2 protein chains.
Amino acid sequence: MSNDPPGFELPLRLFLGFRVLIDELHAELARQGHPHARPMHGFVMQAIGIEGTTAVELGRTLGVSKQAAGKTIETLERLGYVERARDPRDTRRKIVRLTPSGVDVLVRSARIFDELRARWAAVIGDERLRELETDLRKVTPPDVFRLDVPGWFGA
Amino acid sequence: MSNDPPGFELPLRLFLGFRVLIDELHAELARQGHPHARPMHGFVMQAIGIEGTTAVELGRTLGVSKQAAGKTIETLERLGYVERARDPRDTRRKIVRLTPSGVDVLVRSARIFDELRARWAAVIGDERLRELETDLRKVTPPDVFRLDVPGWFGA
DNA sequence: CTAAGATAGACAACGTCGTTGTCGTTAATA
DNA sequence: TATTAACGACAACGACGTTGTCTATCTTAG
């Protein structure tokens, strides 16, 4: 079709859509008492999960070195979102667990994302939004955690 | 609706869609003789444009400091994608211009993006893809250049 | 049971890429 | 003509990733 938009618009719109949602999420999180939460933190805490994990395991999940995962954990610890404790059954391991504050971020994020999704539905229509999600699922990989965001874009 | 997906899936799908397109672009660019092109470079070269620009101007366009823009320009210069020359009418300024190799990257990128878009159209349907783009335009800002990708996601 | 190997995490050194601050040169302006 | 503003270069610093090394601990082969 000659009236199709140029192909480079599609990736930009996808990224901008992502960026808009994440920015609005964090603006709202800041209003709700979590001004220090950064985009990365939500993903990392989701990867940590309710059961907890270790630095090595987290690194594998996120696709970064254990040292990088360790540094991220330190940051989250300083913010009070996670805490570390020795594993009694393997004293080498240190289990990283979400604090109530960390869980609170995840709970609020889930609710905010639902609200943002509803706002999009109000703009483009409920059916169209469902179609958009269905279509995106067809062209994206099923595994959702290996974002590899850090450094991937860099020069 | 109770059978709506959780709201957090939407941003992930948007980002994964972006990532898939960019990754495939650069795999193809590498095959076509540009193995060193990185995701950022395309955006930066697009921002430089055919007419050329300066470090200060580029920094403003991209939303980074002039020093950061200068370093990116150095990298592109080392890769042979841009070259610098003094502006005869203002000897303070150094005009950054795309080399034929840099233009080649942009031309090939445009063609590859069109092909990738066609591939998506084959998967989800031509009409649905147009709707997807239309819908995304409604929920994203019109200005497309201030991606602010570097550092934005960071901890 | 013990010795060898593997694994968890801490620490250090380094590279990249962004930032701010400073400075000399050159334009624009009062 | 003197002051102010802008461009680009250089240096120092911080954030965040990497690899390498080290100790402590667990696992496993002999």
Side-chain angles (χ1 to χ4, degrees), chain A residues 19 26 36-45 47-48 51-79 81-97 145-155, chain B residues 36-45 47-48 51-79 81-97 145-155:
Chain A
R19 201 186 193 303
H26 283 86
H36 298 301
R38 303 279 301 115
M40 252 209 66
H41 300 162
F43 287 99
V44 173
M45 289 194 278
I48 290 172
E51 314 190 353
T53 183
T54 68
V56 169
E57 210 175 302
L58 182 61
R60 271 198 255 277
T61 304
L62 299 176
V64 300
S65 66
K66 61 178 182 176
Q67 291 88 340
K71 290 182 187 181
T72 304
I73 290 170
E74 269 181 49
T75 304
L76 290 174
E77 200 175 21
R78 230 180 304 119
L79 292 173
Y81 291 141
V82 305
E83 58 193 359
R84 278 186 285 190
R86 288 235 162 257
D87 184 339
R89 292 181 310 192
D90 183 344
T91 51
R92 292 172 310 179
R93 304 178 73 217
K94 277 186 155 180
I95 310 284
V96 182
R97 278 200 197 75
F145 257 119
R146 295 289 293 267
L147 292 183
D148 291 358
V149 180
W152 161 77
F153 201 82
Chain B
H36 298 301
R38 305 277 303 113
M40 252 208 66
H41 299 163
F43 287 99
V44 173
M45 289 194 279
I48 290 171
E51 313 190 354
T53 182
T54 67
V56 169
E57 210 175 301
L58 181 61
R60 270 198 256 276
T61 304
L62 299 177
V64 299
S65 65
K66 61 179 182 175
Q67 292 88 340
K71 290 183 187 181
T72 303
I73 289 170
E74 269 181 48
T75 303
L76 290 174
E77 198 174 23
R78 232 180 302 119
L79 291 172
Y81 290 141
V82 306
E83 57 193 0
R84 278 186 286 191
R86 288 240 163 253
D87 184 339
R89 291 182 310 192
D90 183 343
T91 50
R92 293 172 307 177
R93 302 190 355 136
K94 275 187 156 179
I95 309 285
V96 182
R97 279 200 196 76
F145 257 118
R146 295 290 293 266
L147 292 182
D148 291 358
V149 180
W152 161 78
F153 200 82

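Here the structure is a predicted model, which is why all the values come from computation and not from measurement.
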| message | Tell me every residue that passes side-chain hydrogen bond (donor to acceptor under 3.5 Å, both in side chains) with Arg92(B), counting only those two or more places apart in sequence or in another chain. | response | Asp90(B)
| message | The criterion is salt bridge (Lys or Arg N to Asp or Glu O under 4.0 Å); which residues satisfy it with Glu77(B), sequence neighbours excluded? | response | Arg84(B)
| query | Given dG18(C), is OP1 or OP2 found less than 4.0 Å from the side-chain N or O atoms of Thr72(B)? | reply | yes
| task | Under the side chain to side chain contact (heavy atoms under 4.5 Å, CB included) rule, collect the residues that match up with Glu57(A), sequence neighbours excluded. | result | Thr53(A), Thr54(A), Arg93(A)
| query | Just how far, in rounded Å, is C1' of dA15(D) from NE2 of His36(A)? | reply | 17 Å
| message | Is there a side-chain contact between Ser65(A) and the phosphate of dG17(D), meaning an N or O under 4.0 Å from OP1 or OP2? | response | no
| field | pair Ile48(A)-Leu76(A): side-chain heavy atoms closer than 4.5 Å | value | yes
| query | Got a sec, which residues hit salt bridge (Lys or Arg N to Asp or Glu O under 4.0 Å) with Glu74(B), two or more places apart in sequence or on another chain? | reply | none
| remark: Arg89(B) atom CZ is separated from dA6(D) atom P, nearest whole Å, by 19 Å
| query | Between Lys71(A) and Asp87(A), who's closer to the 5' end of DNA chain D by nearest nucleotide? | reply | Lys71(A)
List every contact pair, protein side and nucleotides 7-10 of chain C side both N or O, where the distance is under 3.5 Å.
residue : atom : partner  : partner atom : Å
dT7(C)  : O2   : Arg92(A) : NH1          : 2.5
dG9(C)  : OP1  : Lys94(A) : N            : 2.6
dG9(C)  : OP1  : Lys94(A) : O            : 3.1
dG9(C)  : OP2  : Ala55(A) : N            : 3.4
dG9(C)  : OP2  : Val56(A) : N            : 3.3
dG9(C)  : N7   : Lys66(A) : NZ           : 2.6
dG9(C)  : O6   : Lys66(A) : NZ           : 3.0
dA10(C) : OP1  : Lys94(A) : NZ           : 2.9

| task | For Thr91(A), answer base if it contacts any base atom (sugar-phosphate contacts may also be present), sugar-phosphate if it contacts only those atoms, and nothing otherwise; contact means non-hydrogen atoms under 4.0 Å. | result | sugar-phosphate
| said: Suppose we screen for side chain to side chain contact (heavy atoms under 4.5 Å, CB included). Which residues come up paired with Ala37(B), at least two apart in sequence or across chains? | reply: His26(B), Leu29(B), His34(B), Tyr81(B)
| message | Whole angstroms only, please: what is the CZ-C1' distance between Arg38(A) and dG17(D)? | response | 16 Å
